[in-house]
Amino acid sequence: MDYDSDEDRKERDAFSERVKERDKEHTRKVASRSDKNAYEEAAKRLKLQTEKDRGRLIPKLRIESRRQYLKKRKEDKVTELEQDLIDDEYLFEEDELTERERKNREFQKKVLTIEKEFEKTSEIEKAPRYRIPEASKKGEDRYEEVDENEKVPHYEQKKWEQDQMSSAVFRFGAKNREDEQKAYDLILENQIEFVNPINISGTPGIEDEDKKPQLTEKQKRKMNIEETKKSLPIYKYRDELLRAIEDHQVLIIEGETGSGKTTQIPQYLHEAGYTKDKKKIGCTQPRRVAAMSVAARVAEEMSIKLGNEVGYSIRFEDCTSERTIIKYMTDGTLHREFLSEPDLESYSVMIIDEAHERTLHTDILFGLVKDIARFRKDLKLLISSATLDAAKFSEFFDDAPIFRIPGRRFPVNIYYSQAPEADYVSACVQTILQIHVTQPLGDCLVFLTGQEEIETCHELLQERTKKLGSLVKELIVLPVYANLPTDMQAKIFERTPPNARKVVLATNIAETSLTIDNIIYVIDPGFCKQNSYNPRTSMETLTIVPISKASANQRAGRAGRVAAGKCFRLYTAWVYKNELEDNPVPEIQRVNLGNVVLILKALGINNIINFDFLDPPPHESLVIALEQLYALGALNHHGDLTKLGRRMAELPVDPMMSKMLLASEKYKCSEEIVSISAMLNVNSSIFYRPKDKQIHADTARKNFHVPGGDHLMLLNVYNQWAETDFSIQWCYENFIQYRSMKRARDVRDQLVNLLGRVEVDLVSNISDNVNIRKAITAGFFYHVAKLSKGGSYKTVKHNQTVEIHPSSSLREALPRWVIYHELVFTTKEYMRQTTEIESKWLLEVAPHYYKSKELEDSTNTKMPKTVGKANSELG
DNA sequence: GAGCACTGC
């Protein structure tokens with residue numbers, strides 16, 4: 001597929017020569033695998049590729065190679081879905097327009113039918129598994145909300161809970177001290193009762209440590225590194241573990257938190273000689289901070305300067321050298337590394353840590369690493385996971401043995417609410433006060449779903465404590481969420497003053513990403529916000545959903561880090577037992593896979609549908625991703641990667657954006673497009689909008705508006721910031737988050753660097769915003785919407801009704817044609833980041849995708865711009 | 001006239 005100008009073709013061919021060189025290199029690498037079949041396959045692929053390339057230039061030969069391909073396809077048994085996709089090609093190169101249109105229509109029809117099916121299934125999924133009660137009801141009424149159909153479980157619930165209650169009952173307010181009685185009356189008038197059927201036991205003997213925690217702390221400081229290492233639970237298992245690794249190629253390590261596996265295992269392996277012959281030990285982490293801090297810790301333990309023998313590699317920061325033999329990295333980094341080293345040649349051991357978190361990258365890594373292990377028998381694989389998932393991983397890796405290492409933690413008592421809570425925010429407030437009045441001092445952590453909830457909870461708490469006045473001890477309330485400015489986040493780590501209690505109101509950020517010391521009490525309402533992506537409509541939805549058992553336990557565990565703790569769950573034990581899923585839905589099943597599919601294709605994995613996934617994503621997700629890549633020109637009609645696609649894979653952004661970046665050179669505005677891309681990458685958190693200064697923040701934001709749309713506004717923000725020499729002060733004045741801007745700058749630098757590598761020249765043309773918008777259109781022609789009645793829009797692809805997001809600069813202008821960056825469903829279907837375009841550009845940048853006919857109707861109708869506005873005013 | 005849970009390349 002090729003629809004760029006002839007000029008580009010020359011330059012492209014030169015590029016393709018170099019790419020071929022790299023392909024050969026890749027093939028050589030594959031050939032060095034002892035597996036003969038793999039080599040032959042790669043050779044075939046390369047041969048086929050060249051044939052196809054020739055075919056593109058000479059139609060006759062193309063038909064010939066297509067025949068060969070079809071023959072090969074039969075042999076290879078390409079899966080039906082991929083075959084369908086191939087059959088539904090657009091036939092760009094055919095001269096007969098009618099044929100093309102017919103095919104196009106067929107294709108659209110097919111997509112529609114899949115869509116309908118998908119909608120059916122998603123409807124079933126949408127049916128609530130767990131209802132959030134709407135109105136606040138008191139006492140026994142709480143039980144009666146359950147409707148007719150649920151009578152049986154309702155009865156079971158009661159019975160089960162009664163059984164549990166008889167085992168243990170925990171109540172607040174059992175104290176009699178008179179001076180505080182008044183306060184209790186005030187606080188406890190609506191008190192929540194908790195039952196305590198379960199507690200997570202700690203490590204045997206750890207209670208003794210609990211009794212004299214100060215002593216152990218002092219001891220710890222006195223201990224030298226060697227003693228600390230020996231005190232870790234894993235130390236006892238060192239030899240046994242090494243023997244198991246020796247005996248088995250793949251080993252699942254089931255280690256609880258605090259066992260020391262992340263820091264110790266690489267050191268053990270190093271001591272055992274796995275780093276001979278300049279081979280490395282790799283260890284992946286899901287988070288940047290973890291990779292850095294663990295590497296620093298290990299370097300300290302080995303008395304080595306960080307970055308020499310022990311190093312880490314994360315995006316924007318490579319702290320390794322040629323001497324590095326123990327390398328910590330984020331899973332995404334390793335994923336990228338595969339592109340340049342598809343067989344992990346320089347590693348002797350690869351440890352995938354925190355595998356149970358099931359990030360998108362670890363899930364892909366499983367498939368890749370499993371494949372490599374088949375032909376690289378000398379590569380050892382260690383998958384470390386939490387208790388619940390170990391068996392599943394073992395099964396995936398052909399029944400690999402599981403090695404258990406106990407952890408070290410304090411027991412946590414878990415209390416369930418006796419009745420479901422209608423309004424969990426006010427229930428949280430109530431519980432916090434109950435704890436504050438009745439429980440010994442100790443910090444408290446509350447899990448809420450988002451900024452808004454945290455703010456209301458904060459206000460309610462302040463209100464209630466104000467009423468109580470000096471009757472109770474001081475309560476310090478601190479919010480934490482990712483978008484909170486860093487200096488305010490830092491407050492949660494400050495030491496609690498004596499005779500006061502710290503309450504941290506946190507989002508999921510406190511579940512894994514940051515650890516607050518000295519938390520004794522955890523309050524868990526049982527909900528979190530979760531993003532899910534609908535590939536049909538390419539729409540994202542952020543919804544409040546019940547958490548899984550695994551997260552519930554993770555949250556509870558946060559109470560037992562320094563001493564025995566208590567966890568209060570604002571849902572019943574029955575709900576926990578019967579209604580919560582075991583694990584959260586893995587990320588791979590609810591995100592846009594465009595980028596992932598592109599990388600896999602770039603790694604030479606052609607049959608994506610049959611890729612070995614631990615939990616396969618929905619078929620539709622993959623098919624849509626393939627189809628989109630095809631329309632963008634990253635894949636040809638055989639479903640193979642094109643030169644354009646190979647260049648796109650180099651950029652760590654979504655396919656549409658990388659297409660936009662690569663197209664920008666043609667429109668002589670790559671400088672601008674790089675800035676826009678960087679800003680879009682962090683767009684969600686650029687503007688800071690505190691609750692008490694919303695009006696100021698909004699006017700500050702309006703000052704950045706530019707005619708044309710939001711993309712140009714983002715460019716304006718970046719350029720203005722750059723003009724002030726990246727000033728912090730400027731950010732404060734304009735209600736802009738410095739952290740996000742800094743990140744945008746980092747992303748921009750990286751993209752500039754990578755564009756150099758794929759040979760895109762940086763050119764600037766700020767005066768001509770038409771070209772900038774054309775370049776955006778060249779990447780995002782998939783995301784076009786047309787004005788319809790009442791100020792709403794219809795997407796061209798799905799004819800879906802959407803609206804411009806109220807924060808957009810085009811909210812009032814309502815241009816006839818817009819391009820949007822993403823669709824989000826919140827209260828309505830909104831387009832986020834919209835920019836005005838002209839419909840004829842679509843024919844210019846994506847002639848294969850748009851027919852003049854479907855763009856005709858409204859361009860010919862003389863509709864003055866103000867009509868849209870008038871309509872919206874009427875509505 | 002309305003929101004942005006959390007990571008990561």
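Atoms considered below: every heavy atom in the structure, side chains included; atoms not considered: hydrogens, waters and symmetry mates.
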Looking at A/K529 and A/E452, does any basic side-chain N land under 4.0 Å from a carboxylate oxygen? no
What's the closest nucleotide to the side chain of A/P806 if the choices are B/dA5, B/dA2, B/dC9? B/dA2
Please give, in whole Å, the distance from B/dA5 P to A/L514 CG? 15 Å
Check whether any side-chain N or O of A/T507 sits under 4.0 Å from OP1 or OP2 of B/dC6, and answer yes or no. yes
Selection residues 478-489 of chain A - residue pairs positive for salt bridge (charged side-chain N to carboxylate O under 4.0 Å, His left out), sequence neighbours left out: none
Regarding A/N508, tell me which of base, sugar-phosphate or nothing describes its non-hydrogen contacts under 4.0 Å with the strands shown. nothing
Closest nucleotide among B/dA2, B/dA5, B/dC9 to the A/Q451 side chain: B/dA5
Could you pick out which residue, A/R315 or A/V824, lies toward the 5' side of DNA chain B when each is mapped onto its nearest nucleotide? A/V824
Considering just the side-chain nitrogens and oxygens of A/S807, establish if one lies under 4.0 Å of OP1 or OP2 belonging to B/dG1. no
Of the candidates B/dA2, B/dC9, B/dA5, the side chain of A/N595 sits closest to B/dC9
Taking the inter-plane angle between the rings of A/H335 and A/H361 on a 0 to 90° scale, is it parallel (under 30°), tilted (30 to 60°) or perpendicular (over 60°)? perpendicular
Among B/dC9, B/dA2, B/dA5, find the nucleotide with the atom closest to the side chain of A/D698. B/dA2
Euclidean distance, atom CD1 of residue A/I547 to atom C1' of B/dC6 [Å, nearest integer]: 14 Å
Euclidean distance, atom CD of residue A/E453 to atom C1' of B/dC4 [Å, nearest integer]: 14 Å
Side-chain ion pair, A/R757 and A/E650, N-O less than 4.0 Å: yes
Please confirm whether the shortest side-chain N or O distance from A/R811 to OP1 or OP2 of B/dA2 is below 4.0 Å. no
Would you indicate which nucleotide in B/dA2, B/dA5, B/dG8 comes nearest to any side-chain atom of A/H361? B/dG8
Counting just side-chain N and O atoms, does A/T333 come under 4.0 Å of either OP1 or OP2 of B/dC9? yes
Atom CG of A/N592 to atom P of B/dT7: distance rounded to whole Å? 20 Å
Describe the nucleic acid contact of A/L651 in one word from base, sugar-phosphate, nothing, applying a heavy-atom distance below 4.0 Å. nothing
For A/F393 and A/F366, what are the C-alpha separation, side-chain angles and deciding distance, and is it a ring pair (Phe, Tyr, Trp, His ring centres under 6.0 Å)? CA-CA 9 Å; A/F393 291 132; A/F366 289 147; 5.3 Å; yes
What nucleotide among B/dG1, B/dC4, B/dG8 has an atom nearest to a side-chain atom of A/L542? B/dC4
Quick note, A/A482 side chain, CB onward, closest among B/dC4, B/dC6, B/dA5 is B/dC6
In terms of ring plane angle, is the pair A/Y718 and A/W721 parallel, tilted or perpendicular, where the classes change at 30° and 60°? perpendicular
First encountered from the 5' end of DNA chain B, between A/R590 and A/F316: A/R590
To the nearest angstrom, the CD-C1' distance between A/E317 and B/dG8 comes to 15 Å
Can you tell me which nucleotide in B/dC9, B/dT7, B/dC4 comes closest to the side chain of A/I509? B/dT7
Can you figure out which of B/dA2, B/dA5, B/dC9 approaches the side chain of A/K529 most closely? B/dA5
Give the rounded distance in Å between these two atoms: CD of A/Q285 and C1' of B/dT7. 13 Å
B/dC4 P sits how many Å from A/N531 CG, rounded? 9 Å
Could you tell me the separation between the CE atom of A/M292 and the C1' atom of B/dT7, rounded to a whole number of Å? 16 Å
